[in-house]
Amino acid sequence: MKSKVLLQYLLPHRFLSRIVYWATRWTWAPWKNFLIGQIVRRYNVDMRQAAQPDPRAYAHFNEFFTRELKPDARPLDADPRSIVSPADGRISQAGRIEEGRIFQAKGQSYTAAELLADEAAAAPYRNGHFATVYLSPRDYHRVHMPMDGELVSTRHVPGRIFSVAPFAVEAIPRLFARNERLICHFRGEHGPFAVILVGAILVSSVSTVWDGLTIPPYASRITDRDASGRGIRLARGQEMGRFNMGSTVIVLLPEGSGELDPALHSQQPVQVRQRIGHV
């Protein structure tokens, strides 16, 4: 086992994530400007697309990290039947779910039931489709709807907070089904679909547009929230949540409700509202 993979098992994930959570919200100008400058330079972040293009104008690092883009920066695919990317980033993997199993990387896989922590909820996706999008530090960190949908429920699942960088995804078995995550179940015109926001080390922090900050607090047990009757309806391409540090989004589609573009491939760059399939 490589040393950086071994380190993932040994690090105190939640302790480190709590430290970084507060460090990224410190408003002391020299500190936050240093952090923001490091990311902009190291990852060549294009600030021209941001609604606030001046990196020094952000109150703290996390405000920069979850920055809003200009309204025309991510145009919505014109076809109303298209399924669009939920995030900026790269396709980690995409394709068919084979008898309930989802491909992770290099011989690694996990089941939809493990990911959703629910056998019954996983049943519609047994032979459906999935897309896994990895967000790096340079990317826009808001998550948008792949299709029109009404929120049915959410499930906050406790777990580890392994890195979701490619080296970890290739080496750590069932990584996405082991990390802390927020599962969002939606009802669409053509059936159910799920959007899973997977946490990652430094920091596993997730917000939604309907409940605000959801992670942390970190879960000690599975927490379900029924959204029936709340009337939370979100349009294709509309913001649904955000990562307060980088991570991964997984979209699950049941068989017959839609198909992903067969040309999607691992490490392919994608942007929010870009077409990745059709209903």
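For residues 129-145, the pairs satisfying side-chain hydrogen bond (donor to acceptor under 3.5 Å, both in side chains) are Ser136-Asp139, Tyr140-His144, Arg142-Glu239, with sequence neighbours left out. Listed by first and then second residue, the side-chain hydrogen bond (donor to acceptor under 3.5 Å, both in side chains) pairs that reach into residues 181-196 come to none, sequence neighbours excluded. Residue pairs meeting the side-chain hydrogen bond (donor to acceptor under 3.5 Å, both in side chains) criterion with at least one partner in residues 60-70, sequence neighbours excluded, are Asn62-Asn244.
More than 12 heavy atoms of other residues, nucleotides or ligands lie within 6.0 Å of CD in Gln238, so this atom counts as buried by the packing criterion.
Remark: side-chain polar atoms of Asp261 are not paired, donor with acceptor, to backbone N or O of Ile276 under 3.5 angstrom. In this structure, Arg90 contributes its side chain and Gln267 its backbone to a donor-acceptor pair below 3.5 Å. The closest donor-acceptor contact from the side chain of Gln104 to the backbone of Ile172 lies under 3.5 Å. Under the 3.5 Å distance criterion, the side-chain polar atoms of Thr208 are left unmatched by any main-chain donor or acceptor of Val206.
Leu175 approaches Ala168 most closely through the heavy-atom pair CD1-O, 3.6 Å. Smallest separation of non-hydrogen atoms from Val84 and Gly237: CG2-N, 4.3 Å. The heavy-atom pair separating Ala121 from Asp118 by the smallest distance is N-OD1, 3.0 Å. Listed here is the closest heavy atom pair of Asp88 and Gln271: OD1-CA, 3.2 Å. Of all heavy-atom pairs between Ala117 and Ile222, the closest is CB-CD1, 3.9 Å. In terms of heavy-atom proximity, Val164 sits nearest to Gly199 at CG1-O, 4.0 Å.
Residues satisfying the salt bridge (Lys or Arg N to Asp or Glu O under 4.0 Å) test with Arg81, not counting sequence neighbours, are none. Here Arg155 pairs with Asp224 under the salt bridge (Lys or Arg N to Asp or Glu O under 4.0 Å) rule; sequence neighbours left out. Under the rule for a ring-ring contact (aromatic ring centres under 6.0 Å, His included), the partners of Phe193 that lie at least two apart in sequence or sit in another chain are Phe186. In terms of the ring-ring contact (aromatic ring centres under 6.0 Å, His included) criterion, Tyr21 has no residue partners (sequence neighbours excluded). The side-chain hydrogen bond (donor to acceptor under 3.5 Å, both in side chains) test applied to His156 returns Glu180, not counting sequence neighbours. Under the salt bridge (Lys or Arg N to Asp or Glu O under 4.0 Å) criterion, Arg18 pairs with no residue, sequence neighbours left out. Phe61 meets the ring-ring contact (aromatic ring centres under 6.0 Å, His included) test with Phe64, Phe65; sequence neighbours excluded. Remark: Arg101 pairs with no residue by the salt bridge (Lys or Arg N to Asp or Glu O under 4.0 Å) rule, at least two apart or across chains.
Geometrically, Lys4 engages Phe167 in a cation-pi contact defined by less than 6.0 Å to the ring centre and at most 45° from the axis.
Ser82 and Arg236 form a side-chain donor-acceptor contact under 3.5 Å, judged by distance and modelled atom types alone.
Atom OG of Ser17 and atom CG of Leu202 lie 5.0 Å apart (nearest 0.5 Å). Within the model, atoms CH2 of Trp31 and OG1 of Thr24 stand 9.5 Å from one another, a figure rounded to the nearest 0.5 Å. The CE atom of Met145 sits 12.5 Å away from the CZ atom of Arg273 when rounded to the nearest 0.5 Å. Remark: Leu151 CG to Cys184 SG distance equals 6.5 Å, nearest 0.5 Å. Note that the CZ atom of Phe176 and the CD atom of Gln108 stand 10.5 Å from one another [nearest 0.5 Å]. The distance from atom CD of Glu255 to atom CD1 of Ile97, rounded to the nearest 0.5 Å, is 10.0 Å.
The shortest side-chain heavy-atom distance between Ser92 and Val169 falls under the 4.5 Å cut-off. Put simply, the side chain of Ile83 reaches to within 4.5 Å of the side chain of Leu253, judged on heavy atoms. Two residues are said to be in side-chain contact when any heavy atoms from C-beta on lie closer than 4.5 Å; Asp79 and His278 fail this criterion. Inter-residue side-chain proximity for Leu115 and Leu252 is flagged as met; some heavy-atom pair is nearer than 4.5 Å. Side-chain contact between Val249 and Pro86 is present, with heavy atoms from C-beta onward closer than 4.5 Å. Inter-residue side-chain proximity for Ile102 and Ser109 is flagged as unmet; no heavy-atom pair is nearer than 4.5 Å.
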Would you mind writing out the side-chain donor-acceptor pairs for residues 45-54 within the sub-3.5 Å range, not counting sequence neighbours?
{"residue": "Asp46", "atom": "OD1", "partner": "Arg48", "partner atom": "N", "Å": "3.1"}
{"residue": "Asp46", "atom": "OD1", "partner": "Arg48", "partner atom": "NE", "Å": "2.9"}
{"residue": "Asp46", "atom": "OD2", "partner": "Arg48", "partner atom": "NH2", "Å": "3.4"}
{"residue": "Gln49", "atom": "OE1", "partner": "Arg74", "partner atom": "NH1", "Å": "3.3"}
{"residue": "Gln49", "atom": "OE1", "partner": "Arg74", "partner atom": "NH2", "Å": "3.1"}
{"residue": "Gln52", "atom": "OE1", "partner": "Asp54", "partner atom": "N", "Å": "2.9"}
{"residue": "Asp54", "atom": "OD1", "partner": "Arg56", "partner atom": "N", "Å": "3.0"}

Subject >> side chain to side chain donor-acceptor pair (under 3.5 Å) between Arg275 and Ser85, intermediate numbers included >> reply: CA-CA 6 Å; Arg275 176 176 173 157; Ser85 175; over 6 Å; no
Subject >> Steps toward side-chain contact (heavy atoms from CB on, under 4.5 Å) verdict (Ile183, Val157) >> reply: CA-CA 8 Å; Ile183 300 157; Val157 181; 3.6 Å; yes
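In terms of hydrophobic clustering, with Ile, Leu, Val, Met, Phe, Trp and Tyr side chains grouped at heavy-atom distances under 4.5 Å, Tyr110 and Val5 are assigned to a common cluster. Follow the hydrophobic side-chain contacts under 4.5 Å out from Ile201 and you reach Leu135 in the same cluster.
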